[in-house]
Amino acid sequence: MRARTGPLPPAEVLARFLRALGVTRVPDGLDERAALYRTLLRRRRVLLVLDDAACAAQVRPLLPGAPGCRVLVTGRGRFEGLVGEGASSTRLDVLPRDQAVNLLRRLIPTPSAGDDAGLSQLAQLCDGLPLALRIAAARLATRPGWTAELLACRMRAEHSRLDELRAGDLDVRAAIASGYDAVGERERLLFCLLGLLPAAVECTPWLATVMLGAGVEEAGGLLDRLADEQLLQHERADEQGWERYRMRHLVRLFAAERAAADVPARLREQAVARAMASPMGRRRTISSKLCVV
């Protein structure tokens, strides 16, 4: 559902579907294409997979609306519009360590490429992220002299870990960047500032307010939109009703890179200083680890 330049327009997707269904003269307009598409699928049993969809507006024209058809949509967003219209939603998390190790073992053709300890280290450094695991397995499979221990050793340096997680057109940094590019300027700034915090810190609207110098309602909305793009993970609401989010480690490495590149040093220093001066920042678990890159 995406090209290198961004999400595919639904009219273009429909044109491809119609050609696959044998249509030689594709109508010009979106509505005409959608009507013909639904007519062709009316008496068919089809499972339609829309992978990496951008939003509900991109998906709606592609829904067959026929009783014999089912649609599976994957994507970073929550697709709340589709859920509100009757779709079921399932949240997929990263893989637990044992499942990540099993995936690596299945994807690596040479058993000698890694023992359980090496594969476990690699799974941890990949954050349980399926894309990262696939890339790590592809690199091992195409480098017969490498072992899981060797790749894990190369990935331990945080400043170069994302460089190691790239194989051909598979790229963890690029995948995270697509979410970063999809949000607004204020969301990107907050994301970069949150990347200065240690992994143990949960992100709340209150903490975002302190770092960004924004109102709590604005900060809450910014966090929510970052979660929509999978740049933050919603954890829970605490006893006081604060929404709490967490940033995955590979995403945090990307945020730190963007902070160094996109946010002036003085602004980074001021944000960290405000966080350290706050009650939360004075806790040793935070203040001892905050840093400016």
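Residue numbers start at 1 and run along the sequence shown.
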For the residue pair [X] and [Y], what are the closest heavy atoms and their distance?
{"X": "L8", "Y": "Q58", "answer": "O-NE2, 2.8 Å"}
{"X": "L131", "Y": "D171", "answer": "CD2-O, 4.0 Å"}
{"X": "C203", "Y": "L223", "answer": "CB-CD2, 4.4 Å"}
{"X": "D262", "Y": "P264", "answer": "O-CD, 3.9 Å"}
{"X": "P61", "Y": "L30", "answer": "CB-CD1, 4.1 Å"}
{"X": "V251", "Y": "L231", "answer": "CG1-O, 3.5 Å"}

Close side-chain approach of [X] to [Y], heavy-atom, < 4.5 Å:
{"X": "L189", "Y": "E185", "answer": "no"}
{"X": "L36", "Y": "P27", "answer": "yes"}
{"X": "V73", "Y": "F79", "answer": "yes"}
{"X": "L125", "Y": "R156", "answer": "yes"}
{"X": "Q124", "Y": "H249", "answer": "no"}
{"X": "L119", "Y": "I108", "answer": "yes"}
{"X": "E218", "Y": "R186", "answer": "yes"}
{"X": "T74", "Y": "L92", "answer": "no"}

To the nearest 0.5 angstrom, please state how far the [atom1] atom of [X] sits from the [atom2] atom of [Y].
{"X": "R173", "Y": "R161", "atom1": "CZ", "atom2": "CZ", "result": "12.5 Å"}
{"X": "E217", "Y": "T209", "atom1": "CD", "atom2": "OG1", "result": "10.0 Å"}
{"X": "D116", "Y": "D98", "atom1": "CG", "atom2": "CG", "result": "11.5 Å"}
{"X": "L194", "Y": "L207", "atom1": "CG", "atom2": "CG", "result": "6.5 Å"}
{"X": "L193", "Y": "R274", "atom1": "CG", "atom2": "CZ", "result": "8.0 Å"}
{"X": "R258", "Y": "Y180", "atom1": "CZ", "atom2": "OH", "result": "5.5 Å"}

- [ ] Mind running side-chain contact (heavy atoms from CB on, under 4.5 Å) on L165 and M155 for me, showing each step along the way?
- [x] CA-CA 8 Å; L165 290 174; M155 289 176 59; 3.8 Å; yes
Check this for me: does any side-chain nitrogen of one of [X] and [Y] sit under 4.0 Å from a carboxylate oxygen of the other?
{"X": "R188", "Y": "D181", "value": "no"}
{"X": "D228", "Y": "R76", "value": "no"}
{"X": "E12", "Y": "R16", "value": "yes"}
{"X": "D127", "Y": "R252", "value": "no"}

- [ ] Name the orientation class of the two ring planes belonging to H234 and Y245 (parallel below 30°, tilted from 30 to 60°, perpendicular beyond 60°).
- [x]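 Correct class here is perpendicular.
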Open item on the list: Does the plane of the ring in Y37 sit parallel, tilted or perpendicular to the ring in F17? Use 30° and 60° as the thresholds.
Closed with: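 Answer is parallel, since the angle falls under 30°.
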Task: Residues L140, L104; criterion side-chain contact (heavy atoms from CB on, under 4.5 Å); working and verdict - done: CA-CA 10 Å; L140 289 174; L104 285 171; 5.8 Å; no
Donor-acceptor contact below 3.5 Å, side chain [X] vs main chain [Y]:
{"X": "R244", "Y": "T204", "value": "no"}
{"X": "R268", "Y": "V263", "value": "yes"}
{"X": "T142", "Y": "A138", "value": "yes"}

- [ ] Take atom CZ of R134 as the centre, draw a 6.0 Å sphere, and report whether it contains more than 12 heavy atoms from other residues, nucleotides or ligands.
- [x]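 Not buried by this count: 12 neighbours or fewer within 6.0 Å.
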Open item on the list: Take a 6.0 Å sphere around CZ of R45 and say whether it holds more than 12 heavy atoms from other residues, nucleotides or ligands.
Closed with: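 Counting neighbours around CZ of R45, 12 or fewer heavy atoms of other residues, nucleotides or ligands fall under 6.0 Å, so no.
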Open item on the list: If you apply the rule side-chain contact (heavy atoms from CB on, under 4.5 Å), what do you find for E187 with E229, and how did you get there?
Closed with: CA-CA 11 Å; E187 288 88 350; E229 294 297 330; over 6 Å; no
- [ ] Could you state whether L63 and V83 fall into the same hydrophobic cluster, counting links through intermediate Ile, Leu, Val, Met, Phe, Trp or Tyr residues with side-chain heavy atoms under 4.5 angstrom apart?
- [x]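 They do not share one cluster, since no chain of ILVMFWY contacts under 4.5 Å joins L63 to V83.
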Open item on the list: Show, in sequence, the C-alpha distance, side-chain angles and deciding distance for L41 and L21, and conclude whether the side-chain contact (heavy atoms from CB on, under 4.5 Å) test is met.
Closed with: CA-CA 9 Å; L41 293 184; L21 290 167; 4.2 Å; yes
